[in-house]
Q: 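The structure's right below; bear with me while I get my questions together.
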Amino acid sequence: MSYAVDPELAPWLPGIPEIDLGDPRKARETERSLSAQCPEPDLAGLTVEDREVPGRHGAPSVPVRVYRPRQASGCLPAVLHMHSGGFVTGGLHTEHAGAAAIAESVGAVVVSVDYRLAPEHPHPAALLDCYAALLWLAETEDLGVDPAWIAVSGQNAGGGLAAAVALLARDCGGPALAFQALGTPELDDRLATESMWTCVDTPVWHRGNAKQSWAAYLGDEAGGPRVSSYAAPARATDLTRLPPAYVTASQFDPFRDEALDYARRLAQANVPVELHLYPGTFHGSTFVAGAAVSRRMTADLVDVLRRASALALPASARLP
């Protein structure tokens with residue numbers, strides 16, 4: 001099928017390799033090769049520190065990377081960030097530039113989570129790691145975080161994990177979240193939406209990738225009746241009392257319709273929600289740094305986090 005991709009994105013398509021999640025080792029090598037081509041962010045305005053978070057229920061410690069604006073003082077808003085990679089690939093390196101941009105532009109402490117990957121560590125390993133990081137973020141005083149304003153964010157599989165953490169925090173009595181930013185989130189293991197059926201040869205990500213991703217994360221239970229909403233948030237029947245949300249979707253992405261439907265259901269549950277559908281984009285378009293639409297997607301995320309956290313920022317940390 002021919003796709004009317006944004007003209008600035010189109011030149012990148014021939015150089016995008018196929019990622020086979022059925023071979024995790026090869027997929028991770030391919031992803032790391034692609035990540036290595038991304039320019040290093042300017043970290044002059046930030047302190048960046050790698051730390052270890054205690055795991056939950058006997059699980060191993062969770063590596064995190066903490067970004068904090070150098071010039072900010074007082075208690076700052078915080079963002080817990082989950083990386084992309086279909087639950088199988090990715091790590092702290094994957095969205096290093098994105099996490100740095102949020103910290104510097106929003107004036108927030110950003111904690112990026114290096115959660116365990118499937119299929120070696122299927123659900124709920126990644127979710128428990130992210131939730132452990134949230135508890136640590138809310139309770140660790142030396143981070144300089146305002147516990148009254150903590151957000152979760154993520155791209156793709158990370159967006160799905162962010163939605164799951166929001167559900168888990170609500171149902172477990174905290175920590176209270178002030179916001180959730182779900183970037184083209186992976187939410188539904190049932191693979192039954194219109195976009196999931198039609199996006200079979202879309203750039204970067206298609207139905208085949210999605211099927212492999214959920215099989216790695218959930219094993220034989222993927223698509224079956226026993227899958228928890230903490231694994232696949234689209235299955236949640238109650239979306240009330242969740243934090244305000246920002247949801248994005250790409251036009252040529254199999255995850256498009258599940259993102260649109262989740263945003264609709266949040267709104268119907270009286271959760272404040274802002275939805276952006278970007279025309280001409282495909283899964284992972286934000287990583288094409290030179291395209292105007294990619295820059296706009298990143299700028300929009302920063303803008304919504306700045307607006308949402310504005311009341312939490314001390315005067316010394318406010319940005320113009």
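This structure is a prediction, so every number in the text was calculated from the model and none was measured.
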Q: Between A126 and Y115, which heavy-atom pair has the shortest distance, and what is it?
A: CB-CD1, 3.6 Å

Q: So, do P119 and P24 sit near enough that their side-chain heavy atoms are less than 4.5 Å apart?
A: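 A side-chain contact exists here, since the closest heavy-atom pair is under 4.5 Å.
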
Q: Count the heavy atoms of every other residue, nucleotide or ligand shown that sit under 6.0 Å from CZ of R32, and state whether that count exceeds 12.
A: no

Q: Do you know the tightest heavy-atom contact between D189 and A222?
A: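 Smallest interatomic distance, heavy atoms only, reads OD2-C, 3.7 Å.
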
Q: Side chains of V293 and S285, heavy atoms from C-beta outward: is any pair under 4.5 Å?
A: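 A side-chain contact under 4.5 Å is absent here.
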
Q: Identify the heavy atoms of L9 and S294 that sit nearest to each other, and give their distance.
A: CD2-OG, 3.6 Å

Q: List in chain and number order the residues that pass salt bridge (charged side-chain N to carboxylate O under 4.0 Å, His left out) with E8, two or more places apart in sequence or in another chain; answer none if no residue qualifies.
A: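 So E8 forms no salt bridge (charged side-chain N to carboxylate O under 4.0 Å, His left out) with any residue.
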
Q: Using the test ring-ring contact (aromatic ring centres under 6.0 Å, His included), find all partners of H276 that sit at least two apart in sequence or belong to another chain.
A: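 ring-ring contact (aromatic ring centres under 6.0 Å, His included) list for H276, sorted by chain: Y246, Y278.
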
Q: Run the salt bridge (Lys or Arg N to Asp or Glu O under 4.0 Å) check on R51 and D142 step by step: do they pass?
A: CA-CA 12 Å; R51 298 179 70 166; D142 69 356; 3.2 Å; yes

Q: Quick check: closest heavy atoms across Q251 and L277, and the distance to 0.1 Å?
A: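 Heavy-atom minimum between the residues: N-CD1, 4.0 Å.
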
Q: Please check if any side-chain donor atom of S112 sits under 3.5 Å from a side-chain acceptor atom of E95, or the reverse.
A: no

Q: Considering all heavy atoms of both residues, which atom of G85 and which atom of A157 are nearest to each other, and what is their separation?
A: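 So the two residues come closest at N-CB, 4.4 Å.
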
Q: Could you give the distance from CG (N156) to OG1 (T89), rounded to the nearest 0.5 Å?
A: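 Between N156 CG and T89 OG1, I get 9.5 Å after rounding to 0.5 Å.
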
Q: Just by distance, no angles: are the side chains of E31 and S35 close enough, under 3.5 Å, to form a donor-acceptor pair?
A: yes

Q: Give me the atom names and distance for the closest heavy-atom approach of L305 to F179.
A: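 Closest pair (atom of L305, atom of F179, distance): CD2-CD2, 3.9 Å.
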
Q: Tell me which donor-acceptor pairs under 3.5 Å the side chains of residues 127-140 have, and how far apart each pair is, sequence neighbours excluded?
A:
unit_1	atom_1	unit_2	atom_2	d
D129	OD1	R116	NE	3.3
D129	OD1	R116	NH2	3.0
D129	OD2	R116	N	2.9
D129	OD2	R116	NE	3.0
Y131	OH	G174	O	2.5
W136	NE1	T140	OG1	3.2
T140	OG1	W136	O	2.6

Q: Report yes or no: do H96 and Y67 form a side-chain donor-acceptor pair below 3.5 Å?
A: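 Side chains of H96 and Y67: pair found under 3.5 Å.
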
Q: Keeping the roles fixed (side chain from R207, backbone from L191), state whether a donor-acceptor pair exists under 3.5 Å.
A: yes

Q: Quick one: list whatever passes salt bridge (charged side-chain N to carboxylate O under 4.0 Å, His left out) with D220, sequence neighbours left out.
A: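 Here no residue qualifies.
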
Q: So L46 and R68, do their side chains get closer than 4.5 Å, heavy atoms only?
A: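 The answer is no; the side chains never approach within 4.5 Å.
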
Q: Working note: H283 + Q155, criterion side-chain hydrogen bond (donor to acceptor under 3.5 Å, both in side chains); need CA distance, chi angles, decisive distance, verdict.
A: CA-CA 10 Å; H283 186 89; Q155 295 286 329; over 6 Å; no

Q: Using the side chain to side chain contact (heavy atoms under 4.5 Å, CB included) rule, pick out the option among V145, V110, I150 that qualifies with V79.
A: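 Result for side chain to side chain contact (heavy atoms under 4.5 Å, CB included) with V79: V110.
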
Q: For E258 and L187, indicate whether the former's side chain and the latter's backbone hold a donor-acceptor pair under 3.5 Å.
A: yes

Q: Do V271 and R265 have side-chain heavy atoms sitting under 4.5 Å apart?
A: no

Q: For Q180 and P243, indicate whether the former's side chain and the latter's backbone hold a donor-acceptor pair under 3.5 Å.
A: yes

Q: Would the distance check show the side chain of T248 and the main-chain N or O of T184 forming a donor-acceptor pair, the cut-off being under 3.5 Å?
A: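 Flag set: sc T248 to bb T184 pair under 3.5 Å.
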
Q: Is there a donor-acceptor contact under 3.5 Å from the side chain of S195 to the main chain of P254?
A: yes

Q: Take E120 and R28 through the salt bridge (Lys or Arg N to Asp or Glu O under 4.0 Å) test and state the conclusion after the steps.
A: CA-CA 13 Å; E120 296 90 341; R28 290 165 191 160; 2.8 Å; yes

Q: Could you work out, with salt bridge (charged side-chain N to carboxylate O under 4.0 Å, His left out) as the rule, every residue matching R65, not counting sequence neighbours?
A: D50

Q: Can you sort out the partners of I16 under side chain to side chain contact (heavy atoms under 4.5 Å, CB included), two or more places apart, ordered by chain and number?
A: L13, V204, F282

Q: Using modelled atom types and a 3.5 Å cut-off, is there a donor and acceptor pairing between side-chain atoms of W205 and backbone atoms of G86?
A: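 Not a single qualifying donor-acceptor pair exists.
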
Q: Distance alone, cut at 3.5 Å: any donor-acceptor contact between the side chains of Y230 and D171?
A: yes

Q: Got V62 and D114 here, is their nearest side-chain heavy-atom distance under 4.5 Å?
A: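 With C-beta onward as the side chain, the pair stays apart.
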
Q: Start with the C-alpha gap between D261 and R264, add the side-chain angles, then the distance that decides, and say whether salt bridge (Lys or Arg N to Asp or Glu O under 4.0 Å) holds.
A: CA-CA 5 Å; D261 186 61; R264 176 187 61 82; 2.3 Å; yes

Q: Would one find more than 12 heavy atoms of other residues, nucleotides or ligands at under 6.0 Å from atom CZ of R70?
A: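 It does: R70 CZ has more than 12 such atoms within range.
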
Q: For salt bridge (Lys or Arg N to Asp or Glu O under 4.0 Å), just list the numbers for E274 and R307, CA-CA rounded to whole Å, side-chain angles, deciding distance to a tenth of an Å, and then say yes or no.
A: CA-CA 12 Å; E274 182 173 338; R307 285 187 280 114; 3.4 Å; yes

Q: Quick check against the 3.5 Å criterion: does S250 have a side-chain atom that pairs as donor or acceptor with the backbone of D253?
A: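 No, because the side chain of S250 does not come within donor-acceptor range (under 3.5 Å) of the backbone of D253.
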
